[in-house]
Protein chains: 2
Amino acid sequence: MDIPELASVQLVPQCIMPLSSYTTTMGVAGSMPSPQLLEEYSQFFRLLSEPARLQLLCQLKAGPMDVAALIEATGFSQSHISRQLGQLQRADLVRCERDGVRTIWSADSELVDDLCNLVQTRLRQRLEAQLQQLQSA
Amino acid sequence: MDIPELASVQLVPQCIMPLSSYTTTMGVAGSMPSPQLLEEYSQFFRLLSEPARLQLLCQLKAGPMDVAALIEATGFSQSHISRQLGQLQRADLVRCERDGVRTIWSADSELVDDLCNLVQTRLRQRLEAQLQQLQSA
DNA sequence: ACCCTTTATGCGGTTATCGTCATAACAGTC
DNA sequence: GACTGTTATGACGATAACCGCATAAAGGGT
């Protein structure tokens, strides 16, 4: 087989950076992350910026299921579910395995849970602070 | 003063849930997070789904600065920066303090760094796995 | 008062994304 | 082969987001 150029190794189409670029995240004073890295971050967060996709991730976290089960659970249309799963799959947030004519989807990564936990903690803190402010007024 | 209804305490306009709703994040088998919570998660992630906003957060993390400095650092237009900062402010990701006619913006939360660290780890793992696959082929 | 500087906002064009319908592609059965 | 059931995809309208231009609003100086 042809060994493709390593520079073009990418899981996300726009991911064209060498591995060494991933050693810093947000950077510290004076070292801004590259525009490419910011672009990848934003693309990843964009996947989580749609309630439908988050809901699909939650459903699949409860256990693998096929599209028919997802339709039953969410009420979304078949084509809509297929498209959203396709986006999530390209980021390796879900994967599928064929069982005859059906496709069983699953999502076992802890990443989304961890991200949501962090955000949830922030949301709680904001509300608690707001409550404090009201009670002291 | 009038004590507003606690049910309507909200920092984000769409945040209308009681505090108790924030005790679970993604839920486990059988307990799906409420649509409202998913909506709030997605709105938060949407803030990070734009490279311009991430870049502003990175700049402000290096230290407080006013809009003129942000224009110099990013090349964005003044109105664009003002709008993005407004969105970030509503989620408490940045805050501002007036110094005469200027407005000094700052962002000291570790939340965005933590989120980006998690995502960056994932991106690294994906690339390393891809490399392994190529080298073994 | 006027003027200048800095920031916020209404408006509009452009672009991207969502969600549906119809249909193609695929795997299996008869 | 034809037929059925399941999933992926092209086309399209609707909606939302981005981004800049122009302008309003707010604060300070003369």
Side-chain angles (χ1 to χ4, degrees), chain A residues 12-14 35 38-57 59-60 64-107, chain B residues 12-14 35 38-57 59-60 64-107:
Chain A
V12 177
Q14 299 77 2
L38 289 179
E39 179 67 30
E40 293 207 44
Y41 285 158
S42 64
Q43 284 184 10
F44 189 92
F45 288 127
R46 188 180 303 270
L47 286 175
L48 306 181
S49 72
E50 190 64 30
R53 282 191 290 266
L54 283 180
Q55 189 172 346
L56 290 174
L57 286 171
Q59 288 289 346
L60 291 179
M65 53 181 73
D66 63 353
V67 178
L70 288 172
I71 292 177
E72 170 72 20
T74 65
F76 300 149
S77 73
Q78 179 267 324
S79 62
H80 190 207
I81 290 176
S82 181
R83 283 183 203 283
Q84 307 310 321
L85 289 178
Q87 294 191 45
L88 295 174
Q89 185 184 31
R90 268 174 285 170
D92 280 342
L93 289 178
V94 300
R95 46 176 210 284
C96 65
E97 124 192 54
R98 295 199 72 95
D99 171 32
V101 69
R102 300 188 318 167
T103 304
I104 310 297
W105 293 85
S106 56
Chain B
V12 177
Q14 298 80 0
L38 289 180
E39 178 68 31
E40 294 207 44
Y41 284 159
S42 64
Q43 285 183 9
F44 189 91
F45 288 126
R46 190 178 300 272
L47 287 175
L48 306 181
S49 73
E50 189 65 30
R53 282 190 291 267
L54 282 180
Q55 189 172 348
L56 290 174
L57 285 171
Q59 288 290 345
L60 290 179
M65 54 180 74
D66 63 352
V67 179
L70 288 172
I71 293 176
E72 170 72 20
T74 65
F76 300 147
S77 73
Q78 179 268 324
S79 62
H80 191 208
I81 290 176
S82 182
R83 282 183 204 282
Q84 307 309 323
L85 289 177
Q87 295 191 45
L88 295 174
Q89 185 183 31
R90 267 174 286 170
D92 280 343
L93 289 178
V94 300
R95 46 177 209 283
C96 65
E97 122 190 57
R98 295 199 71 95
D99 172 30
V101 69
R102 300 190 318 166
T103 304
I104 309 298
W105 294 83
S106 56

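Each chain gets a letter, A, B and so on, in the order its sequence line appears, and its residues count up from 1.
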Check: Between A/Glu97 (CD) and D/dT6 (P), how many Å, whole number?
Finding: 18 Å

Next item on the list: Calculate the interatomic distance between A/Ile104 atom CD1 and C/dA27 atom C1'; express it in whole Å.
Entry: 14 Å

Next item on the list: Between A/Ala52 and A/Val101, just flag the one whose closest nucleotide in DNA chain C comes earlier from the 5' side.
Entry: A/Ala52

Notebook entry, point to check: On a plain distance test, is the side chain of B/Arg83 in donor-acceptor contact with the base of C/dG10 below 3.5 Å?
Noted result: yes

Checklist line | Side chain to side chain, A/Glu39 and B/Pro51, heavy atoms closer than 4.5 Å | finding: yes

Next item on the list: Could you tell me the separation between the CD atom of A/Glu50 and the C1' atom of C/dA16, rounded to a whole number of Å?
Entry: 12 Å

Note to self: Which is more 5' along DNA chain D, the nucleotide nearest B/Gln87 or the one nearest B/Gln78? Just name the residue.
What the structure shows: B/Gln87

Note to self: Does any part of the side chain of B/Phe45, heavy atoms only, come nearer than 4.5 Å to the side chain of A/Leu47, both counted from C-beta?
What the structure shows: no

Notebook entry, point to check: Tell me: NE2 of A/His80 to C1' of C/dA22, nearest whole Å?
Noted result: 17 Å

Next item on the list: Find the distance B/Arg46:CZ to C/dA16:P and express it as a whole number of Å.
Entry: 16 Å

Next item on the list: Ignoring hydrogens and angles, tell me if any N or O in the side chain of B/Asp66 forms a donor-acceptor pair with the backbone of B/Ala69 under 3.5 Å.
Entry: yes

Notebook entry, point to check: Which part of the nucleic acid does A/Thr103 contact within heavy-atom distance under 4.0 Å: base, sugar-phosphate only, or nothing?
Noted result: sugar-phosphate

Margin query: Determine whether a donor-acceptor pair (one donor, one acceptor, N or O, separation below 3.5 Å) exists between the side chain of B/Ser79 and the base of D/dC21.
Written below: yes

Check: When we call it a touch if two heavy atoms are under 4.0 Å apart, what does A/Ser82 touch: a base, just sugar-phosphate, or nothing?
Finding: base

Note to self: Determine whether a donor-acceptor pair (N or O, by modelled atom type, separation under 3.5 Å) exists between the side chain of A/Arg46 and the backbone of B/Ser49.
What the structure shows: yes

Check: Starting at CG of B/Asp66 and ending at C1' of D/dG27, how long is that distance when rounded to a whole Å?
Finding: 15 Å

Notebook entry, point to check: Has the side chain of B/Ser82 got a donor or acceptor atom that lies under 3.5 Å from a matching backbone atom of B/Gln78?
Noted result: no

Next item on the list: Give a yes/no on whether any side-chain N or O of A/Arg102 is located under 4.0 angstrom from OP1 or OP2 of C/dC26.
Entry: no

Next item on the list: Mind calculating the distance between CD (B/Glu72) and C1' (C/dT6) to the nearest angstrom?
Entry: 16 Å

Checklist line | Distance, rounded to the nearest Å, where A/Ile81 contributes CD1 and D/dT9 contributes P | finding: 16 Å

